[in-house]
Amino acid sequence: MKEKMEVSSNPHIRSKDSTDNIMLSVVIALMPATLFGVWNFGWYAALLIVVTVFTAVLSEHIFCKICKKPSTVRDMSAVVTGLLLALNLPPHFPLWMASLGAVFAIVVVKMLFGGLGQNFMNPALGARCFLMISFARYMTDFTCDAYTQATPLTAMKAGQSVNVLDMVIGRTGGTIGETSMIAIVLGACFLIALGVIDLKIPGLYLASFAVFLTVFGGHGFDVSFISAHLAGGGLMLGAFFMATDYATRPITKNGQYIYGILLGVLTGIFRLYGPGAEGVSYAIIIGNLLVPLIEKISLPKAFGKGGENA
Amino acid sequence: MKQCMERLYNGLIKENPTFVLMLGMCPTLAVTTSAINGLGMGLSTMVVLALSNFLISALRKVIPDKVRIPAYIVIIATFVTLVELLLHAYIPVLHESLGIYISLIVVNCIILGRAEAYASKNKILPSLFDGIGMGLGFTMALTLIGLVREFLGAGTLFGFSGADLYGTPLPELLIGLVERWLDPNSSNETVRFFYKLLTDEIASFTPMGIMILAPGAFFVLAVLTAIQNVMKERGKAKGKDVSKIQSGCNSDCMNCSDSGCAKRLIEPEELDSEEVCDFDDLFDDENPGEEEAADE
């Protein structure tokens, strides 16, 4: 009886949400984009995804064993990291490079900083940039059996016209998971419906990016130009699945607004003025690095503090 | 000679300036893009370090305490200028690839650190060997980092690639191996499929460009330091005295000569013994021959 009457310390409210559940729902939400990528680019894309996910999970398990810690593989976060990384790779990327990227994402970006929740940077994006700098030639080679022309963003940068409808459906060249806007938004709607992510960061990200393009893009309010930029490249994947990463986004509400706007502006700068056509991954990584500062300035005042007479 | 050998060991292993003391990080990170660059930088620093230690130790009773740092810098800068001009004249390639970092040896904290912590308090020959030991430790660390970075980032070792050693590049050798097992013209579709998969993988073997860029330096330095720390932890677990592996620095530079590493270096009984290489008294000694015999 005594045990039942005793009040434990807070928190008292329990939720069914757990890391495993959330990660599993993210994996499910990524399935439309994954399946579309495999259908679009063929069997090699499927092999690439399987190898990357497998390496990510294996490296997390081995790292935990080497450090003599309980294996954290069961929380599914390594699966999400591996899957996101694979979706960010060109369809004919060599398998050994993809594995190296997965090991880098898990061991260097995530585990060395203390594992899930302690990483200061999105592991999949960190690995993508690592691969981008290491093997630039392979990371920007999007030619495959189905698509031999440049990606829509590169074509736009070169001043060519693009078919926006194809970009929305996803029948273009690009990385495995980024091409289909419809598939990504489908998965994102699933996550929003479950309450895993909300629209604060992605909404502000896309809106501020669109505003930036309208002001600085040189086309004025040109719907086809802006919608092509919104549908092209990794913007949708980045906005819904990477910018919203729990570990690397700001915790505070105001901080999340600042973060979303910052990402939109940075992506706009990189896409319009940068040397490459794409800028989402670098924008999100720089955003990740600024998160501690954003949280510092957006910390809400505690109740009773900060009034006029404080 | 015992103390001199101890100095060499100290600089190379016990108080390795790069891996243990974490000094001189600027050249360590900047010039180690290849093993040759690391070796060149390390040796240039070693020459300056040994000579400046030698001269500062010789002048330690002449230099007034209040202006000792400017005096040290003048001495160090003199030797750096000498080394730079010599490099420019005789090894212009190395001079070009090291660039500004040769001049920056002047402000290398290892050199000023050894001048302040050791050479200004000790006799000439131990100071000279302290400089050589520290320089060798620095050279070893830089060459090691350069070796790893060059191997991963450019696929060569000291500028030699696999093609130089075996005649054929490594990917071609591996493809030849694959052909032994899988026949590219086989009638079996699965065999041809795996042949294509494997050879495509092998043909994509390229060095990781990031390793010869700035981030690569941090990765390699961190991994090498981590390996050293693991060895230290293992030693601690076995009950060895790890203070010998880690530096003797107690982070109290003001009282270093009383309680820190500088004190440990001057063992009283060693000073009295005949084995100490005492070059200092050579100048006013009436019978230098006897002194040299004692050294040997």
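In what follows, chains carry the letters A, B, and so on, assigned in the order in which the sequence lines appear, proteins first and then strands, with residues in each chain numbered from 1.
For A222(B), no part lies near chain A; criterion is any non-hydrogen pair under 4.5 Å. In this structure, chain A has no heavy atom under 4.5 Å from any part of P215(B). With a 4.5 angstrom heavy-atom cutoff, M132(A) does not touch chain B via any of its atoms. Proximity to chain B is limited to the side chain of L100(A), based on heavy atoms less than 4.5 angstrom apart. No part of L112(A) comes within reach of chain B, as not one of its non-hydrogen atoms sits under 4.5 angstrom from that chain. Heavy atoms of F205(B) lying under 4.5 Å from chain A belong to its backbone as well as its side chain. Using a 4.5 Å cut-off between heavy atoms, I212(B) does not touch chain A at all.
Separating the NE2 atom in H88(B) from the CG atom in L94(B) is a distance of 11.5 Å, to the nearest 0.5 Å. Considering CZ of F241(A) and CG of L30(A), their distance stands at 4.5 Å, rounded to 0.5 Å. Within the model, atoms CG of L87(A) and CD1 of I49(A) stand 5.5 Å from one another, a figure rounded to the nearest 0.5 Å. Interatomic distance, CG of L98(B) versus CG of L104(B), reported as 11.0 Å (0.5 Å rounding). Taken to the nearest 0.5 Å, the CG atom of L125(A) stands 15.0 Å off from the CZ atom of F130(A). Taken to the nearest 0.5 Å, the CZ atom of F218(B) stands 4.5 Å off from the CG atom of L29(B).
Here salt bridge (charged side-chain N to carboxylate O under 4.0 Å, His left out) pairs that include residues 113-126 of chain A, with residues two or more places apart or in two chains, number zero.
With contacts defined as side-chain heavy-atom distances shorter than 4.5 Å, the pair F93(A)/L131(A) qualifies. Contact check for L224(B) versus F19(B): side-chain heavy atoms found under the 4.5 Å cut-off. Residues C129(A) and I285(A) meet the side-chain proximity criterion, which asks for heavy atoms closer than 4.5 Å. Within the 4.5 Å cutoff, no side-chain heavy atoms of T139(B) are placed close to those of T45(B).
Residues of residues 140-148 of chain B never come closer than 4.5 Å to chain A when only heavy atoms are counted.
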Cross-chain donor-acceptor list, chain B and chain A, 3.5 Å limit, no angles:
residue, atom, partner, partner atom, Å
E201(B), OE1, L95(A), N, 3.2
E201(B), OE1, W96(A), N, 3.0
E201(B), OE2, Y44(A), OH, 3.3
E201(B), OE2, L95(A), N, 2.6
S204(B), OG, W96(A), NE1, 3.0
G209(B), N, S134(A), O, 3.2

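Every ring-ring contact (aromatic ring centres under 6.0 Å, His included) that F113(A) has, sequence neighbours left out, goes to F120(A).
Taking the six-membered ring for Trp, F41(A) and F36(A) have ring centres at least 6.0 Å apart.
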